[in-house]
Amino acid sequence: MVTETIVDEYKSSISIERLWRAAIVDAHNLMPKILPQIISSIEILEGDGGVGTIKKFNLNNAVKEFSYITDRVEVMDAENHVFKFSVVEGGLVGLKVSSYVAEMILTPASDGGGCLVNLKIEYESLGESLLSEEDAAKIISGTVAMVKAVDEYLLENFNAYV
């Protein structure tokens with residue numbers, strides 16, 4: 001098995017607190033609403049939303065390789081805006097990777113407007129080779145696309161999550 005880390009950064013025009021509340025704290029309610037073409041529902045299987053919570057993302061037919069992803073919240077630090085989760089079942093786990101952990105850190109943008117979303121995904125391959133560049137790009141672009149969808153929703157709905 002080989003371990004790899006993928007990183008990316010996204011600049012949001014939304015404040016840290018609003019983006020945190022929408023994309024992290026209330027994701028189980030918001031994501032199916034704003035991405036119904038991908039996510040049909042998110043079930044909380046265990047926990048209260050904080051560390052240790054296990055959520056199942058039920059996906060629509062738009063995702064051909066798998067129908068769900070179950071993750072576990074590892075870190076949910078509201079003060080420092082750090083969110084980390086591990087995929088425990090579904091998704092690429094068992095298909096292309098043996099493990100998958102994602103971390104999202106929100107920090108103030110240097111220009112004073114909005115925030116930066118720093119993404120880090122660590123995975124362990126099933127075999128002795130890393131994911132293809134295409135598969136690695138899909139992982140990070142899927143995560144960024146979800147954040148962008150929340151960003152767009154909040155720009156259109158000024159009073160949401162204030």
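Computed from a prediction, not measured in an experiment: that's the story for all the values here. Just so you know, these numbers use all the heavy atoms, side chains as well, and skip hydrogens, waters and symmetry mates.
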J.: Looking at L106, V117, L116, which hits side-chain contact (heavy atoms from CB on, under 4.5 Å) with I16?
T.: L106

J.: Any ion pair linking D77 and K84 (charged N to carboxylate O, less than 4.0 Å)?
T.: no

J.: Report whether F85 and Y68 are members of the same hydrophobic cluster (ILVMFWY, side-chain heavy atoms less than 4.5 Å apart, transitive linking).
T.: no

J.: Can we say K96 and D135 salt-bridge, meaning some charged N sits less than 4.0 Å from an Asp/Glu carboxylate O?
T.: yes

J.: Any chance you could measure E89, atom CD, to I69, atom CD1, to the nearest 0.5 Å?
T.: 11.5 Å

J.: Evaluate the criterion side-chain contact (heavy atoms from CB on, under 4.5 Å) for residue pair N118 and V7; output intermediate values, then yes/no.
T.: CA-CA 7 Å; N118 295 288; V7 296; over 6 Å; no

J.: How close do G49 and M76 get, heavy atom to heavy atom, and via which atoms?
T.: O-SD, 3.1 Å

J.: Would you say the side chains of E43 and H28 form a donor-acceptor pair under 3.5 Å?
T.: no

J.: Would you name the heavy atoms of A27 and P32 that are closest together and state the gap between them?
T.: O-CD, 3.9 Å

J.: I'd like to know if K148 and E152 make a salt bridge, using a cut-off of under 4.0 Å between side-chain N and carboxylate O.
T.: no

J.: Please tell me whether V75 and V25 are part of a single hydrophobic cluster in this structure, the criterion being side-chain heavy atoms less than 4.5 Å apart.
T.: no

J.: So, for V150 and A22, which heavy atoms are closest and what is the spacing to 0.1 Å?
T.: CG1-CB, 3.7 Å

J.: Please confirm whether the backbone N or O of C115 pairs with a side-chain atom of S12, one donor and one acceptor, at under 3.5 Å?
T.: no

J.: Distance alone, cut at 3.5 Å: any donor-acceptor contact between the side chains of Y10 and D151?
T.: yes

J.: Please indicate whether Q37 has more than 12 foreign heavy atoms, meaning atoms of other residues, nucleotides or ligands, lying under 6.0 Å from its CD.
T.: yes

J.: Have a look at I54 and tell me which of V73, L45, D71 forms a side-chain contact (heavy atoms from CB on, under 4.5 Å) with it.
T.: L45

J.: Quick one: CG on L92 to OG on S98, what's the gap to the nearest 0.5 Å?
T.: 11.5 Å

J.: Quick one: do R72 and E74 make a salt bridge, cutoff under 4.0 Å?
T.: yes

J.: Transitively linked via ILVMFWY side-chain contacts under 4.5 Å: I14 with V144?
T.: yes

J.: Name the residue from V87, V101, L130 that meets the side-chain contact (heavy atoms from CB on, under 4.5 Å) definition with Y123.
T.: L130

J.: At what distance, to the nearest 0.5 angstrom, does CD1 of I39 lie from CE of M31?
T.: 6.0 Å

J.: Measuring only between side-chain heavy atoms, which start at C-beta, is L126 closer than 4.5 Å to V97?
T.: no

J.: Determine whether a donor-acceptor pair (N or O, by modelled atom type, separation under 3.5 Å) exists between the side chain of S40 and the backbone of N58.
T.: yes

J.: Rounded to the nearest 0.5 Å, how far apart are CD of E65 and CG of L59?
T.: 11.0 Å

J.: Once the angle between the rings of W20 and F83 is folded into 0 to 90°, is it parallel (under 30°), tilted (30 to 60°) or perpendicular (over 60°)?
T.: perpendicular

J.: Taking all non-hydrogen atoms of both residues, which atom of R21 and which atom of Y161 are closest, and how far apart?
T.: NH2-O, 2.9 Å

J.: Atom OG1 in T107, atom CG in N80: separation rounded to 0.5 Å?
T.: 11.5 Å

J.: Please check if V2 and I6 belong to a single hydrophobic cluster, counting links between Ile, Leu, Val, Met, Phe, Trp and Tyr side chain heavy atoms closer than 4.5 Å.
T.: yes

J.: Cluster question for you: counting only ILVMFWY and a side-chain heavy-atom cut-off of under 4.5 Å, with indirect links fine, are Y100 and V51 together?
T.: yes

J.: Please report the interatomic distance NZ(K56) to CD1(I44), rounded to the nearest 0.5 Å.
T.: 14.5 Å

J.: Contact between L35 and M146 at the side-chain level, heavy atoms closer than 4.5 Å - yes or no?
T.: yes

J.: Of all heavy-atom pairs between Y153 and A160, which one has the smallest distance, and what is that distance?
T.: CE2-CB, 3.9 Å

J.: Verify side-chain contact (heavy atoms from CB on, under 4.5 Å) between S125 and E4, making sure each step is shown before the conclusion.
T.: CA-CA 8 Å; S125 67; E4 172 76 341; over 6 Å; no

J.: For I139, is there any backbone N or O sitting under 3.5 Å from a side-chain donor or acceptor partner on T143?
T.: yes

J.: Are there over 12 heavy-atom neighbours, none belonging to N61, within less than 6.0 Å of that residue's CG?
T.: no

J.: I want to check something: taking the side chain as every heavy atom from C-beta on, are M104 and K120 in contact at a cut-off of under 4.5 Å?
T.: no

J.: What's the shortest heavy-atom distance between N159 and V162, and which atoms?
T.: O-CG2, 3.4 Å

